[in-house]
Amino acid sequence: MKIVFFGSAHFAVPALEALVKSKHEIVCVVTQPDKKKGRHLHLAGTDVKGTAAAAGLKTFQPEKIKSRESVNFLKDLDADLFIIVAYGQIFSQEVLDIPKIMPLNIHASLLPAYRGAAPINWAVINAEKKTGVTIMYVSLKMDSGPVILQKEIKIEENDTALSLEEKLRYLGAELLMDALKLIDSRSYRLLEQDEDKVILAPKLKKEDGLIDWHTPAVDIHNQIRGVLPWPGAFTGYGGKILKIFQADVLPVFPNHRVVPGEVIRADKQGIVVACGRGFLNLKELQLEAGKRMSGQNFIIGHKLVAGEILGKNK
RNA sequence: CGCGGGGUGGAGCAGCCUGGUAGCUCGCAAGGCUCAUAACCUUGAGGUCAUGCGUUCAAAUCGCAUCCCCGCAA
């Protein structure tokens, strides 16, 4: 089959690599235009662009996928399938109608749960026990098309949005190959999504990383694991931003009344902070302008003592 | 040329503004105390103060340049 691959982010790379190895013909890889990014705003291509270049594939980087020029270009490719994975632009019906068989998408959740840009993050934040990947027909409304294949995976206690993404991107690539076989043999089925079970997973905002110490320790723990790699869970300390990368929920009972955010212990046992219910032992943190380090190292250098309240500033 | 913070023994930091013997906590080594310990007491090793140039009688400290790391913003 003649395939046009649409993708940009890290998540899409294994799927493209799998396609490259398959018998299918990739007529073009469409990815987002190069953007200035990073600390010094250097111009950089997407992860997918790098992969496509390594495989010697032709790339197309339209500013707007819906534009007249883009549509004409895509029509001329005469493709059977469009495969869209973490591309980053919304398609118009006109574009979706171009492929002769169908437009396909890999989504990192068990649809209809977690429709949107950050399905993995929200699954972790919401303490889901499992998530997965879905291969579906793309329709105009975001992530609402009928499902072709779906595979679930357990969310482990120590999984983060980062580790899950790593698992899911490969799982997604595998499942895509299975789906292509079904489509090739015309033996697939389209299963409509149950609109009553829709859960939305909007793009994360900076403020989603801000820790509210009044919430229960388990919830904050899920937040810390879920908002990686961006924006990262953070609080305030000494007027600066303090990022928290890793923490454990602790069943500790202090001998006095505590305020949420209060450091009730800071010694070799760890940095223990009071939450709305329960406590967190901060394992890995990073102060603004500082390096990422373990809780013990943090105490040694920053003279953090019991009684201080986190989150007072910023 | 988007804004800002930082590079000081093995780790994390102070000192810099107001130049004049390199300091703290931890770790490490040796010894001691102890039934014992991640506890405590002694002692000790370990540093081109990121790099280069400059100012000065004298630079970790002031000035210029370079390299590297990090936060914000996108």
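Within every chain, numbering begins at 1; the chains are lettered A, B, ... in the order of the sequence lines, protein sequences first and strands thereafter. Given the structure is predicted, the values throughout are model-derived calculations rather than measurements.
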Could you work out the separation of B:rC69 and B:rA29 based on their P atoms and round it to a whole Å? 33 Å
When the distance from CG of A:Leu287 to P of B:rG7 is rounded to whole Å, what number comes out? 13 Å
Give the rounded distance in Å between these two atoms: CZ of A:Phe298 and P of B:rG27. 19 Å
Same-atom distance (C1') from B:rC28 to B:rC62, integer angstrom: 37 Å
Who is the Watson-Crick or G-U wobble partner of B:rG2, with both distances under 3.5 Å? B:rC72
Value in whole Å for how far the C1' atom of B:rC70 lies from OH of A:Tyr237: 18 Å
Phosphate contact (B:rG71 OP1 or OP2) by A:Lys206 side-chain N/O below 4.0 Å: no
Could you please name the partner base of B:rU61, counting Watson-Crick and G-U wobble pairs only when both distances are under 3.5 Å? none
What integer distance in Å separates A:Ile241:CD1 from B:rC70:P? 16 Å
Can you check the A:Gln296 CD to B:rA38 P distance for me, whole Å? 14 Å
Under 3.5 Å for both donor-acceptor distances, Watson-Crick or wobble: does B:rG27 have a partner, and if so which one? none
Looking at A:Phe234, does the NZ or CZ of A:Lys206 lie under 6.0 angstrom from its six-membered ring centre and within 45 degrees of the ring axis? yes
With respect to A:Phe60, which candidate in A:Phe73, A:Phe6, A:Phe5 satisfies the ring-ring contact (aromatic ring centres under 6.0 Å, His included) definition? A:Phe73
Please state the C1' separation for the pair B:rC64 and B:rU56 - nearest whole angstrom. 16 Å
Return the minimal non-hydrogen interatomic distance between A:Leu140 and A:Gln93, and the atom names on each side. CD1-N, 3.5 Å
Roughly how many Å apart are B:rU25 and B:rG20, using the C1' atom of each and rounding to a whole number? 27 Å
Applying the Watson-Crick and G-U wobble criteria at under 3.5 Å, what pairs with B:rA50? Answer none if nothing qualifies. B:rU66
Closest of B:rA74, B:rG5, B:rC13 to the A:Ala289 side chain is B:rG5
Please determine whether a side-chain nitrogen or oxygen atom of A:Lys291 lies at a distance below 4.0 Å from atom OP1 or OP2 of B:rG6. no
Nucleotide B:rA74, atom P - distance to CG of A:Leu204 in whole Å: 15 Å
When both hydrogen-bonding distances must be under 3.5 Å and the geometry is Watson-Crick or G-U wobble, what is B:rU18 paired with, if anything? none
Provide the Watson-Crick or G-U wobble partner of B:rU37, both distances under 3.5 Å; none if there is no partner. none
Atom C1', compared across B:rA50 and B:rC3: separation rounded to whole Å: 24 Å
Return yes if a side-chain donor-acceptor contact under 3.5 Å exists between A:Asp219 and A:Thr215, otherwise no. no
Does B:rG12 have OP1 or OP2 under 4.0 Å away from a side-chain N or O of A:His302? no
Suppose you measure atom C1' in B:rC67 against the same atom in B:rG52; what distance do you get, rounded to whole Å? 11 Å
Measure from the ring center of A:Phe82 to the ring center of A:Phe91 and say whether it is less than 6.0 Å. no
Is the closest side-chain donor-acceptor distance between A:Tyr114 and A:Asn126 under 3.5 Å? yes
Between B:rG27 and B:rG44, how far is it from one C1' atom to the other, in whole Å? 14 Å
Side chains of A:Thr134 and A:Gln150: is there a donor and an acceptor less than 3.5 Å apart? yes
Tell me what A:Gln286 touches on the nucleic acid: a base, only sugar-phosphate, or nothing, going by heavy atoms under 4.0 Å. sugar-phosphate
Round to a whole Å and report the spacing from CZ of A:Arg292 to P of B:rA11. 18 Å
Between B:rU18 and B:rA60, how far is it from one C1' atom to the other, in whole Å? 16 Å
Whole-Å distance between B:rC26 P and A:Ile299 CD1? 12 Å
Identify which nucleotide among B:rA11, B:rC13, B:rG71 has an atom closest to any side-chain atom of A:Glu288, counting heavy atoms from C-beta outward. B:rG71
